[in-house]
Amino acid sequence: MRTFLTMLGIIIGITSVILLMSLGQSAQDYILAQVQGIGSNLIIINPTASSSSSKFQPPSAVLGVIIKTLRDNDIAALKREPAISAVAAEVRGISRAVYGNNDTAVTYVGVNTDFITAVNITTSRGVWFDQNDIDSLNHVALIGKNVAKNLFGSADPIGKSIRIKNLPFQVIGLLSTNKGSLFAGDLSDVVIMPSSVAQKQLQGIDYYSVFIVKYNDRYDLNFVKSRITEVLMTDHGITDPNKADFQISTQDDLLSILGNITSILSIFLTSIAAISLVVGGIGIMNIMLVSVIERTKEIGLRKAVGATNSDIRLQFLCESVILTFFGGAIGIALGAGLSYLAYVVVNKFGGIVWSFALPLNAVLLAVIVSSFIGLVFGIYPAGKAAKKNPIEALHYE
Amino acid sequence: MIIVKDLVKNYVDDGTVTAALAGVTFTINDGEFVAIMGPSGSGKSTLLNVLSFLDRPTSGEYSFNGKEIEELNDQDLARVRNKQMGFVFQSFNLLSRATVYDNVEMPLLYEAGIPVSKRKALVEKAIASVGLTEKIAAEAGSLSGGQKQRVAIARALVNSPAVIFADEPTGNLDSASGAQVMQILSDLHRAGHTVILVTHETYTAEFSNRIIRLRDGRLESDAPVAKQRDGAGQFFK
């Protein structure tokens, strides 16, 4: 029992480290899947404040600046480029959707028809709207599963009319998956409608918040980026590239930024967890010191029968390392178990596709770190044991 | 052979020097059974500690089988203790939660190069020689006092030492167990081992063939057991 309690600090520390590294990896995998899920050969264009010297800057909305430069004429200009096959555009807002006595908070996303082809969003039932619906400002909508559940319960929503900002929308389809949610948000609470309706009738604007450009495989990415830059700068009347009022980023850029963010978060959280390992190590040292005192007679006996100081030091160091090694092994098993539990719970109740990941480097790191802690925190007690005088030790009571 | 000449051992405590041994000289030949006797504080335990290489003398000469103690470092002393000495203590000094086998095996763990199979054979032979084969897998803590001391003797024997040092080996035993232990030590002596026994009991000293008496750190007498009896065969106190 005391051995287990001695190991507890290490067990908790390693469990935390493994759990955080495992969840961190799962989060990275999730983000990767999300970004890849929106389709391939995509370039994202965000409006942004001009004259920035940094490569990446946040979209203008984040800075509280409304940039109105992404418009229909930009879409038309971009689509004239042979390298570009589609220019998806969206505008979004938050409102409440009402059906009868039921209402629910939704994110409405106005999109053009290219959005449907460029971004991988599918329907479980119903149909998408077409260009005619956009041109005619038809009030049609596709809704996410939470919206359907909150407004209609178990009833079939297709063909029924919901109200958003007092405007009626006929439900023509149900969104099926969360893929592409990087742009559409959590699709469960989303209502997708023609961009023209969202712009003109819900927000009273004529610009978009983001473009997603799909380009042909046979063109080089950098060439396409340079063409987009040239077209938009010409369209916006800008000559100095440093004053561009848009920012071009690719899936790789996004993956890199998001990967960096999750890595930094993982390292930060793992570092905090590692503090508990130090506390665990101090616990090990404490118990080993008690053990040295309790086993004084044994130390004296071992020296009497021929053990050298090095033999005694090695024995106590080995015991310390074995303790922390097994503590680490239990911690790895517990951490992996909790991560797997999170995987089961998130998949079952969270409504998102979450993978279970146990990085090999995390396991190796845990084994090495736990053994190293045993070594470091075992040195002092082992040294004390080795220095004991055999005669005094033999007569210790 | 053990040769001791003008052996002095002083202890210093808070600047006060106490002479535990104040110039002791004697020789013990191979195969002798020597009892060291004397009242409390006479220096017999100190002498045993020095003779068994657990402690170093302050001055004087000590030669163990041709090795001068002053020429040996701590590692050498440990090696000699491991290969040429066996220890039996008054309080047994067994690892109570370890088995009889593990206790007896201990000295062999510090001797490099013994194959596992040979180690096993040596341990089993030592345990058999003290009549505890049936207890080989028992926890040492579960044994009686006499059995524990027999395990300690097996441990002292396992590396076939030249000399066995026994410090009050019957001090914690009833008379029947004590007699059994002394009989085993006597048998070991007959088998060729040198036995050096520290005791204050005349009964156990009678198993030896020579008694060295100490008083106040000095040699009071050194004579064969036969010369320590009066005309009626009673032991001199």
Side-chain angles (χ1 to χ4, degrees), chain A residues 1-7 284 286-323 325-327 374 378-397, chain B residues 9 11 20 45-56 72-98 102-112 114 126 140 151-152 154-159 161 164-168:
Chain A
M1 186 60 186
R2 195 172 79 172
T3 307
F4 176 75
L5 290 174
T6 306
M7 291 192 295
I284 293 274
N286 215 3
I287 296 294
M288 289 302 290
L289 283 171
V290 172
S291 175
V292 168
I293 292 168
E294 284 180 348
R295 293 162 67 188
T296 297
K297 250 179 140 59
E298 178 192 330
I299 294 165
L301 172 69
R302 289 185 183 275
K303 285 195 162 186
V305 301
T308 60
N309 289 358
S310 307
D311 291 328
I312 299 293
R313 187 179 292 111
L314 188 66
Q315 179 190 342
F316 277 84
L317 267 183
C318 284
E319 287 179 15
S320 175
V321 170
I322 287 169
L323 263 182
F325 175 82
F326 279 104
I379 285 174
Y380 179 63
K384 285 202 74 138
K387 283 179 191 161
K388 285 207 176 287
N389 178 300
I391 298 169
E392 288 170 9
L394 278 168
H395 294 99
Y396 180 82
E397 292 297 341
Chain B
K9 179 67 187 179
Y11 292 110
S45 290
T46 303
L47 179 60
L48 190 81
N49 289 338
V50 174
L51 293 181
S52 60
F53 279 5
L54 288 172
D55 205 355
R56 290 176 182 273
L72 303 175
N73 61 28
D74 287 350
Q75 206 160 341
D76 296 331
L77 296 183
R79 207 166 290 135
V80 173
R81 282 200 302 272
N82 181 246
K83 288 183 187 298
Q84 300 188 47
M85 297 176 179
F87 293 86
V88 181
F89 303 97
Q90 179 178 0
S91 54
F92 321 130
N93 282 345
L94 300 178
L95 305 183
S96 57
R97 294 180 69 181
D102 291 337
N103 271 282
V104 174
E105 188 188 29
M106 190 192 291
L108 300 178
L109 298 177
Y110 300 108
E111 192 176 342
I114 305 181
V151 174
R155 184 181 62 201
L157 283 179
V158 74
N159 53 351
I164 294 171
F165 294 97
D167 187 3
E168 303 276 13

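The structure displayed is predicted, hence computed values, not measured ones. Proteins get letters first, then strands, A, B, ... in listed order; numbering begins at 1 in each.
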Write down the atom of B/N82, the atom of A/G306, and the distance for their closest heavy-atom approach.
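In this case the closest contact between B/N82 and A/G306 is CB-CA, 3.6 Å.
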
Shortest non-hydrogen separation from B/R81 to A/A307 and the atoms involved:
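So the two residues come closest at NH2-O, 4.4 Å.
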
What are the residues of residues 380-393 of chain A, in order of number, with any heavy atom under 4.5 angstrom from a heavy atom of chain B?
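So far as heavy atoms go, A/P390, A/I391 are the residues that approach chain B to under 4.5 Å.
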
Which residue in the set B/N93, B/L94, B/L95 passes side chain to side chain contact (heavy atoms under 4.5 Å, CB included) when paired with A/K297?
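Going through B/N93, B/L94, B/L95 one by one, the side chain to side chain contact (heavy atoms under 4.5 Å, CB included) with A/K297 is satisfied by B/N93 alone.
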
Does atom CZ of A/F325 have more than 12 heavy-atom neighbours, drawn from other residues, nucleotides or ligands, at distances under 6.0 Å?
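Atom CZ in A/F325 is not crowded, with 12 or fewer foreign heavy atoms closer than 6.0 Å.
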
In this structure, are over 12 heavy atoms from other groups packed under 6.0 Å from A/F4 atom CZ?
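No, because the 6.0 Å sphere around CZ of A/F4 holds 12 heavy atoms or fewer from other groups.
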
Working to the nearest 0.5 Å, report the span between CZ of B/F92 and CG of A/L301.
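Nearest 0.5 Å value for the CZ-CG distance: 13.5 Å.
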
Go through the atoms of B/S45 and report whether side chain, backbone, both or neither lie under 4.5 Å from a heavy atom of chain A.
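B/S45 has no heavy atom closer than 4.5 Å to chain A.
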
Using non-hydrogen atoms and a 4.5 Å limit, figure out which bit of B/F89 sits close to chain A: side chain, backbone, both or neither.
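Only the side chain of B/F89 comes within 4.5 Å of chain A.
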
Which donor-acceptor pairs under 3.5 Å do side chains of residues 314-323 of chain A form with protein atoms, sequence neighbours excluded?
| from | atom 1 | to | atom 2 | distance (Å) |
| --- | --- | --- | --- | --- |
| A/Q315 | OE1 | A/R302 | NE | 3.4 |
| A/Q315 | NE2 | A/E298 | OE2 | 3.4 |
| A/Q315 | NE2 | A/E319 | OE2 | 3.1 |
| A/E319 | OE1 | A/R295 | NH1 | 2.6 |
| A/E319 | OE2 | A/R295 | NH2 | 2.9 |
| A/S320 | OG | A/G374 | O | 2.6 |

Can you check whether anything in residues 73-80 of chain B gets within less than 4.5 Å of chain A, heavy-atom wise, and list it by number?
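B/Q75, B/A78, listed by number.
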
For A/N309, enumerate each residue passing the side-chain hydrogen bond (donor to acceptor under 3.5 Å, both in side chains) test, keeping only those at least two apart in sequence or located in another chain.
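A/N309 satisfies side-chain hydrogen bond (donor to acceptor under 3.5 Å, both in side chains) with A/K303 once adjacent residues are dropped.
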
Quick one: of B/E111, B/R155, B/M85, who has the most non-hydrogen atom pairs under 4.5 Å with chain A?
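Sorted descending by pairs with chain A, the first entry is B/R155.
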
